[in-house]
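Labels below follow one simple rule: chain letters A, B, ... track the order of the sequence lines, proteins then strands, and each chain is numbered from 1.
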Amino acid sequence: MRKPALIRSTVAVAALAAGALALGGCAADAPSGDGSTTETITIGTSLPLTGDFSQGGENTLQGYEVWKAIVNENGGLLGQQVEFNVVDDGSDQNTIVSDYNYLIGEAKVDLVLGSQSSRLNIAASAIAEREGYVYICPSCASPDMFNRGFSMIFFSQQATAAEQGTAFAEWILGLPDDQRPATAAYPALDDPFSAPVAAGVQAILEEAGIETVYSDVYPEDLTNFDTIATAVRDSGAELVVQGAQFQDGVNFVRSLNRVGYAPKILYQSSSPTYGEQYLEGVGAENAEGVFFSASYTAYADTPGNAEFLAKYHELYGDQDPPEDAADGYAAAQVLQAAVEAVGSIDDQQALADWLHSNTVQTILGPISWNADGTPNGVFLIGQWQGGTAQIVFPAEAATTDTVISTWRG
Amino acid sequence: MIAFLQALILGLLIGAVYALMASGLTLIFGVMRVVNLAHGAFAILAAFLTWTLWSALGIDPLLSIPIVVVAMFVIGWLTYQGTVRFVRGSHMSTSVLLTFGIGLLLEGIMGFIWGNRSHTARTGYTDASLQIGDMFLPVAQLISAGIAVIVIVLLWLVLSRTWQGRAIRAASVNDSAAKIVGVNAQKVSAFTFGLGIATLGAGGAMIAVIYPFVPGQHDQWIARLLAIVVLGGLGSLPGAVIGALIVGVGESMATAYIGAAWPVAIPFLVIFIVLLVRPQGIMGTRLREDAVA
C-alpha cells in the first residue's frame with residue numbers, strides 16, 4: 001500500500017519542481033549554449049529576479065535590456081548582435097556562485113556583467129576573478145568587495161559605500177549652528193552596502209561633535225520596525241541616518257509615523273531611489289524632504305542619458321527609470337567601452353588593463369578606477385521635493401537650488 | 001516601565017496576527033500530520049489577493065477579509081485534492097518535500113502574475129496610531145489583532161460546537177477510530193486543509209496592510225510560524241495562540257532590550273530551547289511511539 005503512494009508522491013513532487021523551475025525561468029533569455037558564435041556576443045549575468053532583492057534585480061535587468069536594445073539597433077558590439085544569458089539567483093549567495101560557474105564554465109558566455117547588491121556581487125566576483133573574466137558590477141559598493149586583491153572587478157558607480165554619504169555629511173556640517181542637529185541616530189540594515197553607508201556618515205559627524213544617541217544594525221528579515229522607531233524616538237535624535245535597501249526603509253518611515261516621531265532631518269541610503277515604488281510605500285507627504293544618496297538623475301546632461309531615457313520609456317513606460325536601471329545601463333556602457341577600445345572579446349586581461357588606464361563616459365558621468373576596482377568620483381545627494389527626486393549636491397550636478405531643511409517640509 | 005509596556009503591547013498586537021496565521025498550520029498538522037511548508041507562501045498569496053481587491057476595486061483590505069477567506073478556502077481545498085491527499089499517510093518527509101515544492105511553485109506563480117516588485121496596500125490607517133499617554137497603539141495592528149481574536153474564536157466554535165468540528169478533532173486524535181464511527185477522513189482532511197488556509201488568508205490580508213511584501217518573503221514567514229507551532233505544541237490550537245503571543249512579545253522585547261539584530265533569531269532560539277526541554281511543546285501531548293495512529 002505504501003509503494004504506490006510513494007510513487008505518486010514522488011511524481012507529484014517532481015512535477016511541482018519542474019513547474020517551479022519553468023516559472024522561475026520565465027524571465028531568462030534562452031541560453032546560448034555555445035557562447036561564442038559568428039553572429040552574436042553572449043553576455044552572462046545572474047540577477048536576483050526573485051527573493052528579497054528582486055526589486056533591484058528587476059530594475060537592473062531593465063537597464064541591461066535597454067542597453068542591449070540600443071546597441072543592437074546601432075549595429076551591435078563589434079558588428080555582432082548582443083544577447084543576454086540571464087539566470088535568477090533568487091537573492092541567494094550560494095545560488096549566484098553556482099550561476100556564474102554555470103555561465104562561465106558550461107554556457108561559456110563571451111562576457112559577464114555583475115549582479116545587484118554587494119552581498120551577491122561579493123560572492124559572484126570571486127568566480128569571475130578565478131576564471132579571468134572582467135567583472136563590472138552595477139551595485140557593489142561594499143568595502144568588502146575591494147579588499148581581496150582582485151584585479152578584474154570594476155564598480156560602475158561614482159563611489160563606494162563609505163563615501164556615498166560624504167556630501168550629505170558635509171552639508172550637515174555646513175549648516176549654521178542654530179540649524180545643525182546636535183544628535184543623530186544610525187539604524188542600518190546588516191548588509192555589506194547599507195551598514196557602511198551609515199557608518200561613513202556617522203564617522204564624519206561624530207568627529208565633528210554631533211553626538212550619536214542611537215546606533216544599531218538589524219537583519220534583512222526584519223519587517224516590524226515599531227520597536228526600533230520607538231527607540232529612535234526615545235533617543236531624541238534630531239538627525240536620522242538609515243542605511244537601508246528598500247522595504248526596510250519603507251517600513252521604518254511607516255513606523256516613525258506610527259510612533260509619532262519626526263526627526264528634523266531624515267536620510268536613507270537607497271530606499272528613496274526607487275521612485276514611484278518609494279512614494280507608494282511611504283506616501284508622497286512622507287517622502288518630502290527625505291535625503292538619499294544617488295548615482296543617477298534623469299535630468300543629468302550626461303553622455304547617452306537622453307537616449308537611455310527615450311528607450312527606457314519606450315520599453316517600460318513613462319515613469320523615470322529607477323536608479324538600479326540606470327546603474328545597470330552604466331555597467332553595460334563600461335563593458336562596451338572596453339570591448340570597443342580593445343577591439344576584441346577574446347582577451348579579458350586586455351579589457352581589464354584598458355579600464356584601469358582610462359575614463360569611461362557613462363550616463364552617471366565620467367568614471368575611472370583605482371587598481372582595486374574602486375571608482376573615482378563624487379556621489380550625488382538627492383532629496384524628494386514636491387513628488388520629484390531632485391539632486392541637491394554637489395552643486396555642479398544639482399537639478400535645483402532649493403534644499404528643504406526639514407523632513408516633511 | 002512605559003518602555004516595557006510599549007514593547008509588551010506591540011508584541012501582543014503582532015502576536016495576535018501570528019496566532020491567526022499559525023492556527024491554520026497547527027490545525028493541518030493536527031489532523032493530517034502534514035507539515036505545510038507552503039503555509040508562508042499561501043499567506044503571501046492572500047496578501048496579493050487583498051492588494052488586488054484594494055488596488056483594482058478600492059475595497060479596504062480589512063473589509064475584504066471575508067472575500068479573501070473564502071477564496072483561500074477554495075484554493076486550499078483544491079490544493080489538497082490535487083496534491084496533498086496523495087501523500088497523506090506517507091512518511092512525514094514526503095509531505096515536507098511536497099509542500100516545500102508547492103511553496104516554491106506558488107512563489108513562481110505570484111512572481112509571474114504580480115511581478116517580484118514590492119507591493120503594499122497603503123490605507124488611511126496604515127501609519128496611524130492611537131496615543132495613550134506616552135504610548136502608541138498602531139491602528140492597523142490594533143484592528144488586525146481584534147479581527148484575529150474574532151476569527152480564532154470562530155474557529156474554536158467551529159471545532160467545538162459543530163459536527164464538522166467534532167469530526168476534525170476526532171480525526172486528529174485517532175484517524176482510524178474516526179473512520180470506524182463514520183467520519184469520512186478524506187472529506188474531513190480536505191475541509192481541514194481548506195479551513196487552515198482560510199484562516200491564514202485572514203492573516204495574509206493583514207500583512208498586505210502592515211508590511212510591504214514580495215513573493216520571495218514566504219520563507220521568512222514559515223520559519224516564524226513553524227517556531228510558533230512547535231512552541232505551542234503541534235496540533236494544539238490554544239498552544240498556537242500562546243506560542244504566537246510569546247514569539248511576538250519575545251521579538252519586541254529582544255529588539256527593545258537586547259538589540260535590533262536579535263528579533264529574527266528569536267523564533268529559532270525558541271525551537272532550540274523547546275525541543276530540548278519540552279519536545280511536545282507547551283500544550284502538546286506526548287504520544288507513545290508504539291501507539292497506532
Applying side chain to side chain contact (heavy atoms under 4.5 Å, CB included), run through A:Thr50 and B:Glu107 and close with a yes or a no. CA-CA 8 Å; A:Thr50 56; B:Glu107 179 184 345; 3.6 Å; yes
May I have the step-by-step check of side chain to side chain contact (heavy atoms under 4.5 Å, CB included) for A:Asp52 and B:Gln220, ending in yes or no? CA-CA 10 Å; A:Asp52 292 338; B:Gln220 299 172 17; 3.2 Å; yes
Show, in sequence, the C-alpha distance, side-chain angles and deciding distance for B:Gln141 and A:Arg258, and conclude whether the side chain to side chain contact (heavy atoms under 4.5 Å, CB included) test is met. CA-CA 10 Å; B:Gln141 276 96 313; A:Arg258 284 195 286 266; 4.2 Å; yes
What's the verdict on side chain to side chain contact (heavy atoms under 4.5 Å, CB included) for B:Tyr211 and A:Val250, showing C-alpha distance, side-chain angles and the deciding distance? CA-CA 9 Å; B:Tyr211 308 121; A:Val250 170; over 6 Å; no
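Heavy-atom distances place both the backbone and the side chain of B:Pro212 under 4.5 Å from chain A. Looking at A:Thr223, the atoms closer than 4.5 Å to chain B (heavy atoms on both sides) sit in the backbone and in the side chain alike. In this structure, the portion of A:Gln277 lying under 4.5 Å from any heavy atom of chain B is its side chain and not its backbone. Using a 4.5 Å cut-off between heavy atoms, A:Phe246 touches chain B through its side chain atoms alone. Of the atoms belonging to A:Tyr261, not a single heavy atom falls under 4.5 Å from chain B. Contact of B:Asp219 with chain A is not made at all, since no heavy-atom distance falls under 4.5 Å.
Panel note: side chain B:Asn116, backbone A:Leu49; a donor-acceptor pair is recorded below 3.5 Å.
Classification of B:Arg117 and A:Glu58 as a salt-bridged pair holds, one side-chain N sitting under 4.0 Å from a carboxylate O.
Judged by distance alone, the side chains of A:Gln247 and B:Ser118 do bring a donor and an acceptor atom under 3.5 Å apart. Judged purely by distance below 3.5 Å, without hydrogens or angles, the side chains of B:Gln217 and A:Asp221 never pair a donor atom with an acceptor atom. Between the side chains of B:Gln6 and A:Asp226, no donor N or O sits under 3.5 Å from an acceptor N or O. Side chain to side chain, A:Arg254 and B:Thr120 meet the donor-acceptor criterion of an N or O pair below 3.5 Å.
Per-residue counts of heavy-atom pairs under 4.5 Å with chain B were compared for A:Thr230, A:Ile228, A:Asn286, A:Asn224; the largest is that of A:Asn224. Counting heavy-atom pairs closer than 4.5 Å to chain B, the top-ranked of the candidates A:Val253, A:Asp234, A:Asp190, A:Asn257 is A:Asn257. The residue among B:Ser129, B:Gly216, B:Ala260 with the most heavy atom pairs within less than 4.5 Å of chain A is B:Ala260. Interface check for chain B: of the options A:Pro48, A:Pro219, A:Gly51, the most heavy-atom pairs under 4.5 Å are formed by A:Pro219. The residue among B:Ala7, B:Ser252, B:Gly111 with the most heavy atom pairs within less than 4.5 Å of chain A is B:Ser252. The greatest number of non-hydrogen atom pairs below 4.5 Å with chain A, out of B:Thr99, B:Ile210, B:Thr126, is found for B:Thr126.
Atom CG of A:Asp216 and atom OG1 of B:Thr255 lie 9.0 Å apart (nearest 0.5 Å).
Crowding of B:Phe48 atom CZ: a count of heavy atoms from other residues, nucleotides or ligands under 6.0 Å exceeding 12. Around CZ of B:Phe4, the count of heavy atoms belonging to other residues, nucleotides or ligands within 6.0 Å does not exceed 12.
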